[in-house]
Trainee: 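One structure, pasted below without further comment.
Note that the structure is predicted; figures quoted are calculated from it, not measured.
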Amino acid sequence: MIEVKNLVKRYGDVLALDHFNLDVADGEIFGLLGPNGSGKTTAINCMLSLLKYDKGEIRLFGEPMSPDNYKSKGKIGVVMQNVAVYNELTVEENIDYFCGLYVYDKRRRRELVKEAIAFAGLEDYRKFLPGKLSGGLLRRLNIACGIAHKPRLIFMDEPTVAVDPQSRNSILEGIRELNRQGATIIYTSHYMEEVEQLCTRIMIMDKGQAIACGTSDALKSMIRKRDAGSNDGQEAELTLNDVFLELTGRQLRD
Amino acid sequence: MFWNIYRKYILRSVRSKDMIGWTLLFPILLSTLFYFTLQSVEEDMTFHSIPTAVVKDQPMEAEVYLVQMLEEVSAGDEAMLDIFWVSEEKEADALLETGEVQGYISVEKNEPRLFVKENGIYQTILKNLLDRYIQIKDTIVTIAKKDPVTALKLSGMTAGINGETFDFEEEFIRDLNLTGRKPSATVTYYYALLAMICLYGGFHGLVVVENLQANLSPQGARNTLSPGSRWKLFCASYLGAVTVQFVCVAVSFFYMLLVLKVSFGTSIGAALGTILAGSMTGIAFGSVIALPSKWKGGLKSGVLVGISMLCCFFAGLMVDGISYAVEQNMPVLAMVNPAARIADAFYCLYYYDGYASYFKNIGILLGMTAVFGGICVMATRRVQYESI
Ligand SMILES: Nc1ncnc2c1ncn2[C@@H]1O[C@H](COP(=O)(O)OP(=O)(O)O)[C@@H](O)[C@H]1O
Ligand SMILES: [Mg+2]
């Protein structure tokens, strides 16, 4: 589904991605976990051909990705880190607008918009302008706008930042549902609990590099092996933060 | 996809308070202010023909048709010119010096010439009048070289040949295309004001491009990811902007026409055409201003307002006569000043019966729109950003 090889991206002097590699298979919920500034957003924007990059190769759906690869773009859904909705359009109109960029048939679109509203739990807010929504609802609208057209591949860049725990749980449940319906999902976050719960595989990023990749258990057993014999009593409480700490010598949340 | 973007753009504009305030309320307020300010000026100016001296010496007598034309436009109660016929250039000069006439006309080496002391609306009118005369005369001379019979017919000497009569005098006056309306200095202020409102459409241009470029807004990034070509996205929202802007300017226009009783000539359709072309130019111009990603915050709006106001200043929004002075001294600058072209297009409709000068102005406006639009389409095409 996604193949990224040796991706290098610089912003002037800042090396944002340093020979970054990624392979995601069809049907996965793939987590990109890393502290702020580790290059998650940059990696996603490169994959989407929004950003120029200095070196590397990116293939989506088995094809090289480029700004005018409309066939691939049509199958992708994106939930950006920054909420991208229009303040003068209602919840319903916003979803209809973004869905309309992909689905031209009006009747089909009406159905899809309805489904997306139900999916995001926004039934009671249809006619609301985004300015009147709470942070959590706004994030849900952002998600609904990104996925209404039923994309096969969904990029979600920190969709739950600044969202209350209740909204967060419903969002996570929604993402699982999308995945059950057949979508492959790339999910970035700097909250390890979230990624741990949700993702089939996780890549830990730091300073533009992938420092480890695997299932949550595999990542944990990696450090378990290293520490074998030292203090076995704590095994059960290992978290991804421990993995991160072990690999980089720093805390994930700093 | 196209119409979805188009409709949503209109919806967004209609609900945006800024947009409605600046393109609807502000112009109506301003034109009302103009109205009360200009009313007193208008009273001073009504029923004044332009005092003009004509040196009726030997060379002038030779220009039979010029004399005829001048007699024609100075006849009657509401004549355009109030002519002082003098026999020597010195006399005319003296009249001009004392300010009794706005200018004088004499003929030297078979060329009519206009002498003025200052630049203003009256001088513009006099110059237009002479220019038209020279243009028509040249045409006839050219025809005479190629086709003497027609030229003879045109000159009226062979009236009756082949059963046709051809009255040069009548034909000539008709060809001057004067509507017979009195020249007015006050209408030009309203025309310049409409030009300003059209150019303020540039704010739409800022919004259109901001919503298209990933490095300018999150919405831009989101739109960039859609599976449609970028120029379609641009055209759809641009068209939406033109629609909104056109309706808003048209409201101001009808307000001026129906409530303030500003005269716009007889062709309302052509006046609306000016508004459409002007709006298109304004929005396309704003779109270009929106392109540089390094210009942050209010800088783009500032640049836009600054340039628009400068254009309007040189089109005569604040000071009467400026547009004439620019046209005289920097014709190229006057030619590419969209505000001057819009105001002039209105003026042509008010002042001439024919459409030649009107279409020239519209042509220039559309040409500029094409250039600006082309720049935007090229700049947004297939773009991948260095940083967003
Ligand atoms: N537009 C930009 N210009 C310059 N540097 C940037 C820009 N965007 C991101 N960076 C830098 O690139 C690195 C990666 O940032 P980013 O991809 O946003 O990380 P993340 O999404 O993991 O928080 C950071 O060091 C950040 O400061
Ligand atoms: Mg990020």
Trainee: Check whether any side-chain N or O of S237(B) sits under 3.5 Å from a backbone N or O of V208(B) as a donor-acceptor pair, and report yes or no.
Mentor: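 No; judged by distance alone, with no hydrogens or angles, the pair does not exist.
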Trainee: Please report the shortest heavy-atom distance between K300(B) and L216(B), naming the atom on each side.
Mentor: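 Looks like NZ-CD2, 3.6 Å.
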Trainee: Under a 4.0 Å threshold between the charged nitrogen and the carboxylate oxygen, would E93(A) count as salt-bridged to K8(B)?
Mentor: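 No, no charged N to carboxylate O under 4.0 Å.
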Trainee: For the candidates N223(B), L11(B), I388(B), which exhibits the highest count of non-hydrogen atom pairs separated by less than 4.5 Å from chain A?
Mentor: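 Of the options given, most contacts go to N223(B).
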Trainee: Do NZ/NE/NH1/NH2 and the carboxylate oxygens of K9(A) and E386(B) come within less than 4.0 Å?
Mentor: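 Yes, K9(A) and E386(B) are salt-bridged.
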Trainee: Answer yes or no: is there an ion pair linking E173(A) with R176(A), defined by an N-O contact shorter than 4.0 Å?
Mentor: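 The answer is yes: the pair qualifies as a salt bridge.
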Trainee: D96(A) versus chain B, heavy atoms under 4.5 Å apart: side chain, backbone, both or neither?
Mentor: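 Contact with chain B: backbone and side chain both.
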Trainee: Using a 4.5 angstrom heavy-atom cutoff, name the option from L51(A), N45(A), N94(A) with the most pairs to chain B.
Mentor: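 The option with the most such pairs is L51(A).
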Trainee: Side chains of Y11(A) and T42(A): do they bring a donor and an acceptor to under 3.5 Å?
Mentor: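 Note: Y11(A) and T42(A) side chains meet the donor-acceptor criterion.
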Trainee: Restricting to non-hydrogen atoms, name the atom on A379(B) and the atom on L291(B) that form the minimum distance, rounded to 0.1 Å.
Mentor: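 For A379(B) versus L291(B), the nearest heavy atoms are CB-CD1, 3.8 Å.
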Trainee: Heavy-atom distances under 4.5 Å only: say whether A221(B) touches chain A with side chain, backbone, both or neither.
Mentor: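 Its backbone and side chain both get close to chain A.
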Trainee: Measuring heavy-atom distances to chain B, does V83(A) have an atom under 4.5 Å in its side chain, in its backbone, in both, or in neither?
Mentor: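 Backbone only.
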Trainee: Identify the residues of residues 56-79 of chain A whose heavy atoms come closer than 4.5 Å to a heavy atom of chain B, ordered by number, or report 'none'.
Mentor: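 S66(A), P67(A), D68(A), Y70(A), K73(A), G74(A), V78(A), listed by number.
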Trainee: Of the listed residues (Q219(B), R15(B), R381(B), Q384(B)), which shares the most heavy-atom pairs with chain A below a 4.5 Å separation?
Mentor: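 Top option by heavy-atom pairs under 4.5 Å: Q384(B).
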Trainee: Is chain A contacted by the side chain of S229(B), its backbone, both, or neither, given a heavy-atom distance below 4.5 Å?
Mentor: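 Both backbone and side chain of S229(B) come within 4.5 Å of chain A.
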Trainee: Which one, L89(A), V85(A), N82(A), leads in non-hydrogen pairs under 4.5 Å with chain B?
Mentor: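 When all of L89(A), V85(A), N82(A) are compared, L89(A) has the most.
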Trainee: Using ring centroids (six-membered ring only for Trp), state whether Y191(B) and F264(B) fall under 6.0 Å.
Mentor: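 Yes.
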Trainee: Decide if the gap between the ring center of W231(B) and the ring center of F234(B) is smaller than 6.0 angstrom.
Mentor: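 Distance test on ring centres: not under 6.0 Å, no.
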Trainee: Consider only side-chain N and O atoms of S293(B) and Q213(B), and report whether a donor and an acceptor are under 3.5 Å apart.
Mentor: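 No donor-acceptor contact under 3.5 Å links the two side chains.
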Trainee: Give, as side chain, backbone, both or neither, the part of Y97(A) having an atom under 4.5 angstrom from any heavy atom of chain B.
Mentor: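 Both parts, backbone and side chain.
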Trainee: Test of understanding: with ring pair (Phe, Tyr, Trp, His ring centres under 6.0 Å), list the residues that count as partners of Y385(B), not counting sequence neighbours.
Mentor: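 Expected list: none.
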Trainee: Counting only heavy atoms closer than 4.5 Å, note whether L233(B) contacts chain A via side chain, backbone, both or neither.
Mentor: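 When you check distances to chain A, only side chain atoms of L233(B) fall under 4.5 Å.
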